[in-house]
Protein chains: 2
Amino acid sequence: MATIRDVANRAKVSTATVSAVVNDSAYVSPELRARVLAAIGELDYTPSLAARNLKRGRSQLIALVVADLANPFFARLVWAAEAAVAAWGYSLVLFNSDEKPENERRILSRIKMLSCDGVILVPVDVAATQPPRDSEGEPMPTVLFGRTVEGQKADTITIDNVSAARQVTNYLMDLGHTRIGTITGPLHLTTGRGRLDGMLEAMRARGHEPAPAHVRSGEFREDTAYSVARELLTQPDGPTALYVANGVMALGVMRALADLGMKCPDDISIASTDTIPGIGGLRPRLTRTEHPVIDMTNEALRLLVERINRGAGADSRNVVFQPSLVVGESCAPARRRS
Amino acid sequence: MATIRDVANRAKVSTATVSAVVNDSAYVSPELRARVLAAIGELDYTPSLAARNLKRGRSQLIALVVADLANPFFARLVWAAEAAVAAWGYSLVLFNSDEKPENERRILSRIKMLSCDGVILVPVDVAATQPPRDSEGEPMPTVLFGRTVEGQKADTITIDNVSAARQVTNYLMDLGHTRIGTITGPLHLTTGRGRLDGMLEAMRARGHEPAPAHVRSGEFREDTAYSVARELLTQPDGPTALYVANGVMALGVMRALADLGMKCPDDISIASTDTIPGIGGLRPRLTRTEHPVIDMTNEALRLLVERINRGAGADSRNVVFQPSLVVGESCAPARRRS
DNA sequence: AACACCTAGCTAATCGTTTCGTTGGCAGAG
DNA sequence: CTCTGCCAACGAAACGATTAGCTAGGTGTT
C-alpha cells in the first residue's frame, strides 16, 4: 500500500508537508497542497491508523462493554451507541461480558491493549469491577452505564430505578392490588436492588408488605424468569399482580402464563420496568416504564468525549434519567378474593 | 506506561528476548524466561497493539457491517458475531450502514484505515457495493452475509430465501387460502427478491396468482409495513392471508391489525419469514420460518478466519442455509368467501 | 544597507514493537 | 590443541506516521 513517503516522492514534497495537508495542521501553499492531493488521489493513499495511533497514543476507538447482548435493552444501547460514536468520529469496538466478572476482566485488559480512547461500561459486579486503567496507569476515560460501582469516582449515566419501581407498584395498588409479587433482578446490581427497594418502599408507604414467597429473583433472564414464574404462579396463595423487573423477564413470565393456560390480565396482572421495543401489535401490551435509551446514550457519549479531551482531572458527573409509565392492557383491577 | 524496553532493562535482557517470551516465538532458556516474566509482572507491562500492528501489518480487528442495527435479526447476528470473534482471538468493530450506500462507502474506507483483518458485510446494494480492498489494493478477506452481490467473487453465507417463502406460502395454501397478499422487502436485495419469487413460484405451481394490488413493498421496516398494511387491509377486496417478508414487518402488520380492530387469525391470517426472538408468550404466535443465525454466524467466521490465513488466492465458497417452518397460531383455515 | 523577523517547507528523531542477521561461548571432532 | 558447528541471546533496522527544530528566502524597519 501507498505510504506517506510514496505520496511525498510523487508530489516532490516532504512527508511533513503531506502530513500537514492530510491533517490540516499547518499552512501549506495552494500549489503544494494541490500537488499533494493529486498524488494522494493517484496512489489511492489512506493513512495508516496503526502508525498514526502509535505516534499519537490515541486509537480513535471507543469500547462498549455490555452485560448481556442478548437483552434487547442492550441491543438498543448498541444501536444508539454506534450512531453516536460514529457522529463523534470514533469507531465502536463491542464486547459482551455476559454478566460474568471474569469475562469483564479479560475484556478490560483487551481494551487496554487496544488502547481505546474511552470506554462505556455496563459493569457486571458492583464489588468486583475494577476501573480500567490505561498503559500509564492512569484511569481511562470511562462512563458507567445503567449500573454504578460503589465507591468509584466515575462519570455515570443511570436511570432512577427506585422511581420506576414505585410508579409501577403504585399503579398496581391503584387498581386495588395488595398481594403483589415481584420477580427481581440480581440484587447485587443497583438495577436489581433499586427496583426491589422502590417496590417495597411503595408498598410499605401504603401499609402493605409482599409475602416473602412472592419475592423471587429472575436474574434478568428470560428463561430464569420463566421457571420462577411457573413456581410462583402454581403455589396455593399466589399473588394477584406481578411486578417484573425488566423487559425480557416480563416476556418470560408471559410465556409461563401461556404454558400454564392462564390469561393476562384476567387471571393475573403483569407490569414491568422496561420492555421490548416494537411489539406493540401483540397482545396484551405490557404496562411498564420506558427508559430514554437514546438520550441516555447520547449523554453518555457527550460526557465521554468531554473527559477524553479534558483529561482525568475533572470532577465526575452523575446523570440520572427518569423513566415514564406507559399503560398497556396487561393489568386489570383486583377482584375481591377471600 | 511500561514498554518492552523497560522490561528488557529490568530483566537485563534484550528487547528481542522479551518479544520472544511474550509471543512464544523462539526458544528462551528457563532462567531468562523467568526473569522476563517477573519483570513483566512487576512493571504491569502490556504490549502495545498499535506498535505490534504497525510492525505486523495486522490489527486483530474484525469489522461487522450490518444493514440495520435496529432490526432484531441483525441484533442477533451482532450477538453471535461478538462471541465468535472473541473465540477466535479478535475484537469486533461494529458498523451500521442503515441501508444507505453512502454510509456503506464511508464505513468501508474507515475499515481500510483501521486495517481490519477481515470484514463481515451485509451489503446494502447489490449493484453499488464495492468489494473492500486493503491498502495494498488486494481485496480484504470478506464474507458477505445474508445478501449477495452480483458478479462478485466472494465468500457468502446466505439463507435459502426462495425456499423460505415457498414453505410459508404452501402452508397458507394448504389451509385453503388463495387470495394471498404479501408485503415484500426491497426488491433490489436478494433477500427481498428471493422471498417474493418463492411466494410467486409456489402460488403459480398451484395455479394461483396474487392480485397486483396485494403485492406491496414494506422496505423491511416496521413503520413502512404498518402503513402499507393499513392500506392493504382497508381496501374492498383484501387478501385473506398475508405473507410478510421479515419479522419486524410482521410486527408492524400486527400493530396495524390491532389499530384497525381486526383479529388475527380470525379476520386474516399472517405468516412471515423470520421473526423476533423471545416473544413466545405473546399472542398470537407467528407462523414463520426460522433462520439458524448462530450457525450462520459461526460458519461465516470460520470462512473468514480461513481466508485471513490462506490469503486471497483460494476459491470463494458460498454456503446456503435452510430455514425451517414453525407453526404458531396466526393462521386459520380460509373461510369460503363470495 | 544592515538587521531582525517571519514563514513555508524540510530533515530527522521518535512512538513500541518484530525480526533479520550477527555474536560469542561451548561441545565434539580431528 | 585447534577447528567447526550449533544455538541462545543480542543489536539494530525496519514498520508508517507525527512533529520539534532548523533553514532559507522574503519582508519590513530604521
Side-chain angles (χ1 to χ4, degrees), chain A residues 1-37 39-40 43-61 110 112-117 134-138, chain B residues 1-37 39-40 43-61 110 112-117 134-138:
Chain A
M1 140 135 183
T3 75
I4 198 174
R5 225 175 303 269
D6 300 331
V7 175
N9 288 340
R10 184 170 245 272
K12 304 252 181 284
V13 297
S14 74
T15 60
T17 304
V18 178
S19 177
V21 169
V22 170
N23 300 298
D24 250 339
S25 53
Y27 181 84
V28 176
S29 70
E31 186 193 330
L32 287 201
R33 167 178 301 269
R35 289 223 306 270
V36 168
L37 290 176
I40 287 176
L43 295 172
D44 189 25
Y45 165 74
T46 313
S48 147
L49 273 197
R52 174 176 291 178
N53 293 342
L54 173 59
K55 195 72 193 36
R56 295 217 247 224
R58 285 179 278 135
S59 64
Q60 297 290 94
L61 254 31
R110 177 102 198 159
K112 179 179 168 188
M113 286 181 75
L114 287 166
S115 55
C116 292
D117 296 344
D134 67 9
S135 45
E136 279 123 45
E138 305 239 330
Chain B
M1 140 138 185
T3 76
I4 199 174
R5 224 175 303 270
D6 300 330
V7 175
N9 289 340
R10 185 170 246 270
K12 303 250 181 288
V13 299
S14 73
T15 60
T17 305
V18 178
S19 177
V21 169
V22 169
N23 300 298
D24 250 342
S25 53
Y27 181 83
V28 176
S29 71
E31 186 192 330
L32 287 201
R33 166 178 302 268
R35 288 222 306 269
V36 169
L37 289 176
I40 288 177
L43 295 173
D44 190 25
Y45 163 73
T46 313
S48 147
L49 273 197
R52 175 176 289 177
N53 293 341
L54 174 60
K55 197 71 185 76
R56 295 215 246 224
R58 284 179 278 135
S59 64
Q60 297 290 95
L61 254 30
R110 178 101 199 162
K112 179 179 168 188
M113 287 182 75
L114 287 166
S115 54
C116 292
D117 296 344
D134 68 9
S135 44
E136 280 125 42
E138 306 238 331

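Quick caveat, the model's predicted, so the values are computed rather than measured. The figures here come from the full heavy-atom set of this structure, side chains too, leaving out hydrogens, waters and symmetry mates. We name chains A, B, ... by the order of the sequence lines, and we start the count at 1 in each one.
- Using a 4.0 Å heavy-atom distance criterion, A/Ser25 is classed as making no nucleic acid contact.
- At C/dT18, one or more side-chain N or O atoms of B/Arg52 fall inside 4.0 Å of OP1 or OP2 (strictly under the cut-off).
- When rounded to the nearest whole Å, the span between CG of A/Asn9 and C1' of C/dG9 equals 16 Å.
- In this structure, A/Thr3 does not reach the D/dG16 phosphate: none of its side-chain N or O atoms is under 4.0 Å from OP1 or OP2.
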### Message
I'd like to know whether A/Ser19 forms a side chain to side chain contact (heavy atoms under 4.5 Å, CB included) with A/Thr15, so could you lay out the CA-CA distance, the side-chain angles of the two residues, the decisive distance to 0.1 Å, and finally the verdict.
### Response
CA-CA 6 Å; A/Ser19 177; A/Thr15 60; over 6 Å; no

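- For the pair B/Arg58 (side chain) and B/Asn53 (backbone), a donor-acceptor distance under 3.5 Å is absent.
- Whole-Å rounding puts the B/Met113 CE to D/dA17 C1' distance at 11 Å.
- Atom OH in A/Tyr27 sits about 18 Å away from atom P in C/dC6, given to the nearest Å.
- Counting non-hydrogen atoms under 4.0 angstrom, B/Leu49 reaches nothing in the nucleic acid.
- Atom SG in B/Cys116 sits 9.5 Å away from atom CZ in B/Arg110 (nearest 0.5 Å).
- In this model, the phosphate group of D/dA17 is not approached by any side-chain N or O of A/Ser48 to a distance below 4.0 Å at OP1 or OP2.
- For B/Ile4, the side-chain atoms get nearest to C/dT17 when compared with the rest of D/dT19, D/dC10, C/dT17.
- Atom NZ of A/Lys12 is separated from atom C1' of C/dC10 by 16 Å (rounded to the nearest Å).
- Contact annotation: A/Asn53 does not reach the phosphate of D/dA17 (side-chain N/O to OP1 or OP2, under 4.0 Å).
- Rounded to an integer number of Å, the gap from B/Asp24 CG to C/dT19 C1' is 16 Å.
- The phosphate of D/dA9 has OP1 or OP2 within less than 4.0 Å of a side-chain N or O from B/Ser29.
- Between the A/Asp6 side chain and the A/Thr3 main chain, a donor and an acceptor come within less than 3.5 Å of each other.
- A salt bridge is absent between B/Arg56 and B/Asp117; no separation between the charged side-chain nitrogens and carboxylate oxygens falls under 4.0 Å.
- Note: CG (B/Leu114) to C1' (D/dG16) measures 16 Å, nearest angstrom.
- Rounded to a whole Å, the CG atom of A/Leu54 is 9 Å from the C1' atom of C/dT14.
- Taking every side-chain heavy atom of B/Arg56 into account, C/dT18 is the closest of C/dA12, C/dT18, D/dC15.
- Nearest to the side chain of B/Leu32, among D/dT18, C/dT11, D/dA9, sits D/dA9.
- Rounded to whole Å, atom P of C/dG16 lies 9 Å from atom NZ of A/Lys55.
- If you check every strand for non-hydrogen atoms under 4.0 Å, A/Val28 touches sugar and phosphate atoms only.
- Not one side-chain nitrogen or oxygen of B/Ser14 sits closer than 4.0 Å to the OP1 or OP2 atom of D/dG11.
- Nearest nucleotide to the B/Val13 side chain, out of C/dT19, C/dC10, D/dC10: D/dC10.
- A heavy-atom distance below 4.5 Å is found between the side chains of A/Val22 and A/Ile40.
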